[in-house]
Asks: 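Below are the structure tokens for one structure; questions will follow.
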Amino acid sequence: MLTVYSDRHRLHSAAADLINGRMEPPVEKPARADTILNAVHSAQLGEVREPATFGVAPILRVHDERLVHFLEHAWSMWVEAHGPWDAVPRTCCARGMQAREPETIDGKLAFFATEPGTPITAGTWDAARSAADVALSGVAALDAGARGVFSLCRPPGHHAARDYYGGYCFLNNAAIAAQNALDRGASRVAVLDVDYHHGNGTQSIFYERSDVVFASIHADPRQDYPFFLGYADETGSGEGEGYNLNLPLRWGSGWDQYEPALNAAIARIRRHAPDMLIVSLGVDTFERDPISRFKLGAEQYPKIGHAIASLRVPTLFVMEGGYAIDELGMNAVNVLRGFEGM
Ligand code: FKS
Ligand code: ZN
């Protein structure tokens, strides 16, 4: 399987993250992509290729230009206002507040961010753009005939919506890829999100549309981030009614709960008959993941890949979360090996 990867992910590197009320070393860090790339090499998965550059046009097919403009200029505004350390919001916009974009950097951070744990650093914009290029290059490779491609994106993307960012995500790589597949001529696309956290950004981007099915297996939003989206009764609206499938699972869920949910997601996607499948690949469902509470063992990851392959659709794997740094690479690559039947 082809892997698309860029070193530019390294440009996004936060100094600290607010975890359980304390400033700690970030779990979403450059070493994540390094360890996944190492596993790709040791498993001899196949060629590793640099992405092409696509510019902002395919990004603007999914994201509001105000968010894109903000992400591009946030760092310089922040440095001018405060200094050359990570830009974090002090407040966030809440229910019923005025939805007008403030002028100052602190106001803008509060306007576009959903939470304070996703710092903007000097290279965040360049890294986020390069992750979108990694995803878009994967779509191009599938168009050229590949059956499966791994886009080793970092930073991740599935919590970023049309006009907000958060949850370690700035641009929604999977949604940008899905929209690009449609723009290149696909009639129907499916996004399968197997990250531990609900892909609220992806869901919201496609919620009113019937050309993209979004199916997600994730921690129950009553218990875990992102808390305010991901309930089973969110089934889509308008044209999109019936095209969104949420399969929330309780803390402590293992393969016995996960497997039937995965089968239900795959059955829904099969019914959609997509021309392309995008998998938001998170392996933070792992039993030893430091921020998550599912109980999948390492031996389950090839089975996830194998089940996805049963759809027989050109498939783009877009990297999302996974924080058990020692096993992260192996678990991610095992999904891909299971897909390949290796
Ligand atoms: C801690 C804030 C709250 C957020 C959890 C984010 C999970 C991110 C992810 C992604 F795939 F996007 F990376 N925790 N500062 O794993 O879903
Ligand atoms: Zn996650």
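Atoms within each ligand, like the ligands themselves, are counted from 1 in listed order. Every value quoted in this text rests on a predicted model; they were computed, and no experiment measured them.
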Asks: Find out if a path of hydrophobic residues (ILVMFWY) with successive side-chain heavy-atom gaps under 4.5 Å connects Phe294 to Tyr323.
Replies: no
Asks: Taking the side chain as every heavy atom from C-beta outward, state whether Tyr225 and His159 have any atom pair closer than 4.5 Å.
Replies: yes
Asks: Check whether His218 reaches the backbone of Gly230 with its side chain - one donor and one acceptor, N or O, closer than 3.5 Å.
Replies: yes
Asks: Does Arg293 count as lying over the ring of Tyr196, i.e. NZ or CZ under 6.0 Å from the six-ring centre, within 45 degrees of the axis?
Replies: no
Asks: Could you grab the angle centred on the Zn ion (ligand 2), going from OD2 in Asp284 to ND1 in His197, to 10°?
Replies: 100°
Asks: Any donor and acceptor pair, going by atom type alone, linking the side chain of Asp195 with main-chain N or O of Glu320 inside 3.5 Å?
Replies: no
Asks: Around ligand 1, what residues show up once you keep those with a heavy atom under 4.0 Å from it?
Replies: Asp17, Leu18, Glu115, Gly117, Pro156, His158, His159, Gly167, Tyr168, Cys169, Asp195, His197, Tyr225, Asp284, Glu320, Gly321, Tyr323
Asks: If the test is side-chain contact (heavy atoms from CB on, under 4.5 Å), which one of Met97, Arg66, Gln98 qualifies with Phe111?
Replies: Arg66
Asks: Looking at Arg154 and His12, would you say the former's side chain and the latter's main chain have a donor-acceptor pair under 3.5 Å?
Replies: yes
Asks: Of all N, O or S atoms in Asp195, which has the smallest distance to the Zn ion (ligand 2)?
Replies: OD1
